[in-house]
Amino acid sequence: MKVALITLLIVLSSVIAAEKHEATQPIEAQEGGKAPLQYRTNPPTNLENDTLTCKRLDGNFSDLNSYIYSRRLGQEHPQPPMEQYRNRTRLVLEDLRKGIVTLEIFPVHSSDSGRYKCFIRKQNITFNFTIVDAEPTKHPNVWGIVIPIVLGLGLVLVVIFRWNVIKPWLSNIVRRRRDKEESSEKETLKTQEAERDEQALQWSSQKRGAGGRQRIPSVGTGGGSDDR
């Protein structure tokens, strides 16, 4: 389920006799969770038999069709609530005797964003609240963490339980690699020996050729003995 935080920004403005009191109380609730909207009278006054009405102020709602909750002389919903709030609101009755109005909306929907007004008739108290959407909570990618761990554990278990099969296979790979390296080294040595032999042969040929050029044959200038 898509998780979204709903910030309930409650702007409470009350009128008791000639005085007006304002307070702001932000409330956060997850979509699908519970949103308690609360107002406390000062001094605490028993509200058990008072008339309480709560309405949605924004949207295309008429005055008679904008109720989300109502209570009169101990009876709930004398005014039928809007369809979208039916069976989603609850007044905490035990708080009324303490002078506390606690109206719960649950489960919270994103469409609950808007402006509301509640009125306690006998006490002449009006308090307004506004529900606004908050930024959704960003959760870490759990699967991106879990999947690599599971795969790693699975690989470890395979190695442990199939070691008798894996070990010869790994040994064969290592042996082939070693043989290939040894073969490559031998080929390199043969090539180097062949190059040395060829260089030695060339040097020997050059030496013999140089020795032959140094021998100069003797040629007679007188043409033999002098017979007189």
Side-chain angles (χ1 to χ4, degrees), residues 1-11 24-37 58-59 84 88 104-114 129-228:
M1 180 182 66
K2 178 183 177 183
V3 179
L5 289 179
I6 307 296
T7 300
L8 309 179
L9 180 62
I10 304 180
V11 180
T24 302
Q25 180 185 7
I27 299 176
E28 291 186 350
Q30 290 185 351
E31 185 175 8
K34 182 183 295 185
L37 311 175
D58 57 350
Q84 67 189 81
R88 286 205 303 125
E104 297 175 341
I105 299 176
F106 66 94
V108 174
H109 297 167
S110 59
S111 60
D112 293 336
S113 301
F129 59 91
T130 302
I131 301 176
V132 296
D133 291 333
E135 291 294 328
T137 303
K138 295 182 178 180
H139 297 277
N141 185 5
V142 177
W143 290 112
I145 300 173
V146 172
I147 291 177
I149 294 176
V150 172
L151 292 177
L153 291 175
L155 182 60
V156 170
L157 292 175
V158 168
V159 171
I160 292 174
F161 291 104
R162 302 292 293 175
W163 179 245
N164 292 334
V165 176
I166 295 175
K167 184 177 180 180
W169 177 69
L170 292 176
S171 299
N172 189 32
I173 292 177
V174 172
R175 185 173 60 255
R176 287 183 179 180
R177 185 170 183 177
R178 185 172 58 248
D179 293 344
K180 185 176 181 180
E181 291 176 352
E182 291 177 353
S183 177
S184 178
E185 291 178 358
K186 290 180 180 179
E187 291 294 331
T188 302
L189 291 175
K190 287 181 180 180
T191 302
Q192 292 175 351
E193 290 177 358
E195 291 177 352
R196 285 197 297 268
D197 291 343
E198 185 177 356
Q199 291 175 357
L201 182 61
Q202 291 177 354
W203 180 80
S204 178
S205 299
Q206 291 174 359
K207 186 176 181 182
R208 285 197 300 270
R213 285 194 300 272
Q214 289 176 358
R215 295 191 189 93
I216 301 175
S218 299
V219 178
T221 58
S225 61
D226 187 11
D227 293 336
R228 292 182 180 178

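It should be emphasised that the depicted structure is a prediction, and the values quoted were computed from it without experimental measurement.
- Listed by chain and number, the residues in a side-chain contact (heavy atoms from CB on, under 4.5 Å) with Q192 are T188, L189, R196 (sequence neighbours excluded).
- Residues satisfying the salt bridge (charged side-chain N to carboxylate O under 4.0 Å, His left out) criterion with E187, sequence neighbours excluded, are absent altogether.
- Across all non-hydrogen atoms, the minimal contact from G32 to P107 is O-CB, 3.5 Å.
- Within the 4.5 Å cutoff, the side chain of S110 has heavy atoms near those of the E31 side chain.
- By the salt bridge (charged side-chain N to carboxylate O under 4.0 Å, His left out) test, R177 is found to be paired with E181, residues two or more places apart in sequence or in another chain being considered.
- Residues meeting the side-chain contact (heavy atoms from CB on, under 4.5 Å) test with I149, sequence neighbours left out: I145, L153.
- Contact check for V108 versus R88: no side-chain heavy atoms found under the 4.5 Å cut-off.
- Taking E198 as the reference, Q202 meet the side-chain contact (heavy atoms from CB on, under 4.5 Å) condition, with sequence neighbours excluded.
- Rounding to the nearest 0.5 angstrom, the gap separating the OG atom in S171 from the CZ atom in R176 is 12.0 Å.
- The backbone N or O of H109 lies less than 3.5 Å from a partner atom in the side chain of D112, making a donor-acceptor pair.
- S204 pairs by the side-chain hydrogen bond (donor to acceptor under 3.5 Å, both in side chains) definition with R208, not counting sequence neighbours.
- Residues meeting the side-chain hydrogen bond (donor to acceptor under 3.5 Å, both in side chains) test with N172, sequence neighbours left out: R175.
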